[in-house]
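A quick write-up on the structure given underneath.
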Amino acid sequence: MSGAVYLRIAAADLGGTNSRSAVVEFGEGDDCRILDETSRSLDIQNEPDFDTILRQGIGATIRECRHSINGIAFALPGVINGHQVVLRNSNVRCLQGKVPFDLGGEISRVFRAPTIVENDLAAALEGEVVGGALKGQGKEWGLLENIGTGYGGSRIYNGQAVAAEPGHIFLPSKDTLKNGFGNEESELCGCGQLDCVEARISGGAISRRIEKICSEQSIAIPTGKDPCVFADERASAGDDWAVHLYTNIAETLGNLWGSKLNECPPMKDIIYTGSFLMRA
């Protein structure tokens with residue numbers, strides 16, 4: 001970075017599978033950079049202790065920076081009140097049973113730095129508006145959705161960024177519509193409701209569907225291989241079960257898009273991100 005550094009922020013994202021963090025330096029105008037030596041990713045899928053994740057994740061990032069930081073920006077899925085308190089969270093195991101939880105206050109106490117907590121997709125949308133696909137004149141109607149471990153999203157309506165929880169829209173299966181709510185084909189979402197979008201086509205839900213299909217058809221998933229990666233490979237090879245699965249997922253996404261566009265005709269830009277969609 002050329003010139004003086006005016007702001008140094010430790011930024012972190014806490015998801016259902018990984019916690020990622022880095023330190024970002026800001027200079028004049030739009031000049032900013034990530035300090036590469038501080039970037040880290042921590043596997044938290046089977047780690048229930050939040051304090052351990054905090055210290056090994058963003059805590060290690062702050063120590064690696066070797067400079068004073070001006071503040072902390074922390075993003076995670078769920079409903080956030082006042083940029084501080086987590087009111088609802090479905091996918092982060094280490095926070096289950098803790099809500100409502102003053103996450104901002106806890107992080108500030110541990111690291112002695114001002115902290116802002118934001119919904120992860122609201123933060124991502126702001127990034128797209130400031131410097132990404134939604135930057136510039138005329139980008140006033142758009143939606144951003146993410147298929148990772150869960151299913152999240154945010155919106156921009158007439159130039160105004162609006163947080164959303166699209167993963168918790170009711171999405172019954174054909175069996176549910178035929179046989180009634182709460183039948184054996186219904187899927188329980190982490191939020192406690194049945195048949196949410198997240199319970200059907202999030203990355204975690206798709207992974208479980210693949211494991212169920214493979215178990216029923218006596219198909220062996222190689223040890224250590226992610227079920228979604230395995231399904232990708234088998235779909236590319238033309239295996240009927242995998243092609244059918246991804247056709248169903250694509251049709252479901254298409255129907256969701258159609259519903260959103262019918263509800264809000266001015267919507268012009270659709271951005272999809274997430275580990276499930278963006279694997280190498």
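Just so it is clear, the model here is predicted, and its values are computed rather than measured. Just so you know, residue 1 is the first one in the sequence shown, and it goes up from there.
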| request: Group every Ile, Leu, Val, Met, Phe, Trp and Tyr by side-chain heavy-atom contacts under 4.5 Å, then state whether F111 and I53 land in the same group. | output: yes
| Side-chain heavy atoms of P77 within contact of V92, under 4.5 Å | yes
| message | As an exercise, state the distance from CD1 of I270 to CG of L144, rounded to the nearest 0.5 Å. | response | 11.0 Å
| query | Just how far is it from atom OH of Y151 to atom CG of L171, taken to the nearest 0.5 Å? | reply | 9.0 Å
| Crowded around N158 CG? As in, over 12 foreign heavy atoms under 6.0 Å? | yes
| said: Quick check: closest heavy atoms across G203 and C228, and the distance to 0.1 Å? | reply: O-SG, 4.0 Å
| said: Taking S68's backbone N and O only, do any of them form a donor-acceptor pair with R8's side chain (distance below 3.5 Å, no angle check)? | reply: yes
| note | The reported gap from SG in C264 to OH in Y157 (rounded to nearest 0.5 angstrom) is 5.5 Å
| task | Given side chain to side chain contact (heavy atoms under 4.5 Å, CB included), test R155 with E145 step by step and report yes or no. | result | CA-CA 9 Å; R155 307 282 186 267; E145 298 203 346; 2.8 Å; yes
| Would you say the side chain of P48 lies within less than 4.5 Å of the side chain of C94, judging by non-hydrogen atoms? | no
| Side-chain donor or acceptor of S108 paired with backbone N/O of G104 under 3.5 Å | yes
| Is there a side chain to side chain contact (heavy atoms under 4.5 Å, CB included) between V23 and I34 once you walk through the steps? | CA-CA 6 Å; V23 171; I34 294 175; over 6 Å; no
| Check: G274 main-chain N/O paired with N146 side-chain donor or acceptor under 3.5 Å | yes
| field | Shortest non-hydrogen separation from A235 to V243 and the atoms involved | value | O-CG2, 3.8 Å
| query | Is the shortest distance from a Lys or Arg side-chain nitrogen in E64 or R66 to a carboxylate oxygen in the other one below 4.0 Å? | reply | yes
| message | Test salt bridge (Lys or Arg N to Asp or Glu O under 4.0 Å) on E140 and K268; report intermediate values, then the result. | response | CA-CA 8 Å; E140 296 184 337; K268 295 181 179 180; over 6 Å; no
| field | Any donor-acceptor N or O pair under 3.5 Å, side chains R209, N248 | value | yes
| query | Are V117 and T115 side-chain neighbours, meaning at least one heavy-atom pair lies under 4.5 Å? | reply | yes
| query | Taking C-beta and beyond as the side chain, do R55 and V110 meet within less than 4.5 Å on heavy atoms? | reply | yes
| message | Quick one, F74 and L54 - any side-chain contact, counting heavy atoms below 4.5 Å? | response | yes
| task | Write down the atom of L87, the atom of N81, and the distance for their closest heavy-atom approach. | result | CD1-CB, 3.6 Å
| said: Please check: side-chain N/O of E118 versus main-chain N/O of A123, any donor-acceptor pairing under 3.5 Å? | reply: no
| request: Please assess L143 against K260 for the test side chain to side chain contact (heavy atoms under 4.5 Å, CB included), listing each intermediate value before the final yes or no. | output: CA-CA 9 Å; L143 65 87; K260 292 161 189 168; 3.9 Å; yes
| said: Taking I201 as the starting point, is it possible to reach F230 by hopping between hydrophobic residues whose side chains are less than 4.5 Å apart? | reply: yes
| task | Would you kindly confirm whether Y272 and M267 end up in one hydrophobic cluster when ILVMFWY residues are joined by side chain heavy atoms under 4.5 Å apart? | result | yes
| task | I would like to know whether I147 and L253 meet side chain to side chain contact (heavy atoms under 4.5 Å, CB included); could you show each step before the answer? | result | CA-CA 11 Å; I147 306 180; L253 284 172; 4.0 Å; yes
| field | Nearest-0.5 Å distance that lies between atom CG in D239 and atom NE2 in H244 | value | 14.0 Å
| Quick one: are I210 and L245 in side-chain contact, heavy atoms under 4.5 Å? | yes
| query | Mind checking whether N18 and D13 have side chains closer than 4.5 Å, heavy atoms only? | reply | no
| task | May I ask you to say whether R109 pairs ionically with E106, meaning some side-chain N is under 4.0 Å from a carboxylate O? | result | yes
| Are I58 and F26 in one and the same hydrophobic cluster, where Ile, Leu, Val, Met, Phe, Trp and Tyr link if side-chain heavy atoms are under 4.5 Å apart? | no
| task | May I ask you to decide if L35's main-chain N or O and T38's side chain share a donor-acceptor pair within less than 3.5 Å? | result | yes
| remark: dist C214:SG -> I219:CD1 (nearest 0.5 Å) comes out at 4.5 Å
| query | Where is the tightest heavy-atom contact between A242 and A231, given as atom of each residue plus distance? | reply | CB-O, 3.7 Å
| request: Taking all heavy atoms of I69 and all of A113, pick out the closest pair and write down the distance. | output: CD1-CB, 4.4 Å
| task | Check whether any side-chain N or O of N119 sits under 3.5 Å from a backbone N or O of G78 as a donor-acceptor pair, and report yes or no. | result | yes
| query | To the nearest 0.5 Å, what is the distance between CZ (R200) and CG (D195)? | reply | 4.5 Å
| said: Could you tell me if R40 and T61 have a donor-acceptor pair between their side chains, going purely by distance under 3.5 Å? | reply: yes
| field | Single-linkage hydrophobic cluster V86~L14, side-chain heavy atoms < 4.5 angstrom | value | yes
| message | Given 3.5 Å as the limit, does a donor-acceptor pair link the side chain of Q84 with the main chain of D102, or not? | response | no
| field | Heavy-atom pair of closest approach, residues A199 and E187 | value | O-CB, 3.7 Å
| message | Just by distance, no angles: are the side chains of Y246 and W241 close enough, under 3.5 Å, to form a donor-acceptor pair? | response | no
